[in-house]
Amino acid sequence: GESVGLHLPTLSVQEGDNSIINCAYSNSASDYFIWYKQESGKGPQFIIDIRSNMDKRQGQRVTVLLNKTVKHLSLQIAATQPGDSAVYFCAESRYSSASKIIFGSGTRLSIRP
Amino acid sequence: KAGVTQTPRYLIKTRGQQVTLSCSPISGHRSVSWYQQTPGQGLQFLFEYFSETQRNKGNFPGRFSGRQFSNSRSEMNVSTLELGDSALYLCASSLQGRNLGDSPLHFGNGTRLTVT
């Protein structure tokens, strides 16, 4: 498959365990944060988003936590499955921005059977 | 509903040539934006079009340009290609063009450009 990044940090998780992917963002003015999943040969796929007036948001098997004090974002995936193997990107933006997103460098999630 | 469609899927060009990439957004989406993805620089914003007008632009040289048609389809052009332009070029569309948070971006699978 196509390589998204040659030297991405990798998180290896046992199938069925929970995964936690961390991200630090840089711009204090950012008020909107998104997590994307990118599988080999595909474009980024939206997972979940959160606005800065929240510190937690839950989706289906995923939870995003936001700590504005230390500019930290995390994505928790419950009961990790083989299909969760991918590169995960956090991204920051302004809610009122039309489309300009600043992406993080990504974390590769690897699932052990 | 069909997703964002990008053509061609793969492209090989020679230094100095120019290239045009095409993007068809999801039906009803009026905003189209372009991103470049490389192993070294990651995902970087190129520009965004809404109602045939470029509304936002990243920090790329003028060799990179784009346009949007009345049916919201978009093209991106790179002139005088350089080796460093080798990348995956991603197009994304959104329903609304105003607040990103109202309608997150939906990405296509990209065009892989190789410059030799």
Side-chain angles (χ1 to χ4, degrees), chain A residues 1-10 23-27 29-54 57 59 62 64 66 75 86-108, chain B residues 3-6 9-10 23 25-26 29-51 53-59 68 74 86-114:
Chain A
E2 294 160 342
S3 172
V4 172
L6 295 179
H7 302 291
L8 292 174
T10 299
C23 174
Y25 65 92
S26 57
N27 190 348
S30 295
D31 61 5
Y32 179 62
F33 305 90
I34 316 119
W35 280 98
Y36 282 91
K37 170 187 180 183
Q38 187 172 24
E39 297 174 276
S40 181
K42 296 186 177 181
Q45 176 188 358
F46 173 87
I47 302 174
I48 191 167
D49 58 0
I50 188 168
R51 296 185 68 175
S52 59
N53 59 356
M54 304 172 69
R57 192 170 188 212
V62 295
V64 55
L66 174 64
L75 176 72
V87 176
Y88 289 81
F89 293 95
C90 67
E92 58 180 299
S93 186
R94 297 299 305 273
Y95 186 86
S96 59
S97 165
S99 63
K100 186 171 183 177
I101 296 174
I102 308 299
F103 282 85
S105 56
T107 297
R108 189 181 302 279
Chain B
V4 177
T5 303
Q6 292 188 246
R9 190 76 172 91
Y10 299 93
C23 172
I26 292 173
H29 285 198
R30 296 173 61 194
S31 170
V32 174
S33 50
W34 290 87
Y35 286 78
Q36 182 196 63
Q37 186 172 31
T38 61
Q41 299 298 319
L43 280 149
Q44 293 186 289
F45 174 76
L46 280 155
F47 31 64
E48 184 248 351
Y49 286 86
F50 181 76
S51 292
T53 302
Q54 186 182 87
R55 191 165 55 175
N56 211 342
K57 190 176 187 303
N59 297 322
Q68 185 181 34
S74 178
S86 294
L88 180 67
Y89 290 90
L90 292 158
C91 170
S93 72
S94 66
L95 181 61
Q96 299 183 28
R98 198 147 193 88
N99 295 325
L100 180 62
D102 293 337
S103 173
L105 297 184
H106 295 266
F107 284 85
N109 290 330
T111 293
R112 170 72 63 182
L113 172 65
T114 302

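For the numbers below, each heavy atom of this structure counts, side chains included, while hydrogens, waters and symmetry mates do not. Here is the naming used below: chain letters follow the sequence lines, and residue numbers restart at 1 for every chain. Computed from a prediction, not measured in an experiment: that's the story for all the values here.
Checked against a 6.0 Å centroid threshold, the rings of F103(A) and F45(B) do not count as neighbours. For Y36(A) and F107(B), the distance between ring centers is under 6.0 angstrom.
Between the NZ atom of K100(A) and the CZ atom of F47(B) there is a distance of 13.0 Å, given to the nearest 0.5 Å. One finds the CD1 atom of I101(A) at 14.0 Å from the CD atom of Q44(B) (value rounded to the nearest 0.5 Å). Here CD of Q37(B) is found 4.0 Å from CD of Q38(A). Values are rounded to the nearest 0.5 Å. Distance CG/L105(B) to CZ/F46(A): 10.0 Å, rounded to 0.5 Å.
Minimum interatomic distance between L90(B) and P44(A) (heavy atoms only, all atoms of both residues): CD1-CD, 3.8 Å.
The environment of CG in N53(A) is crowded: more than 12 heavy-atom neighbours from other residues, nucleotides or ligands sit within 6.0 Å.
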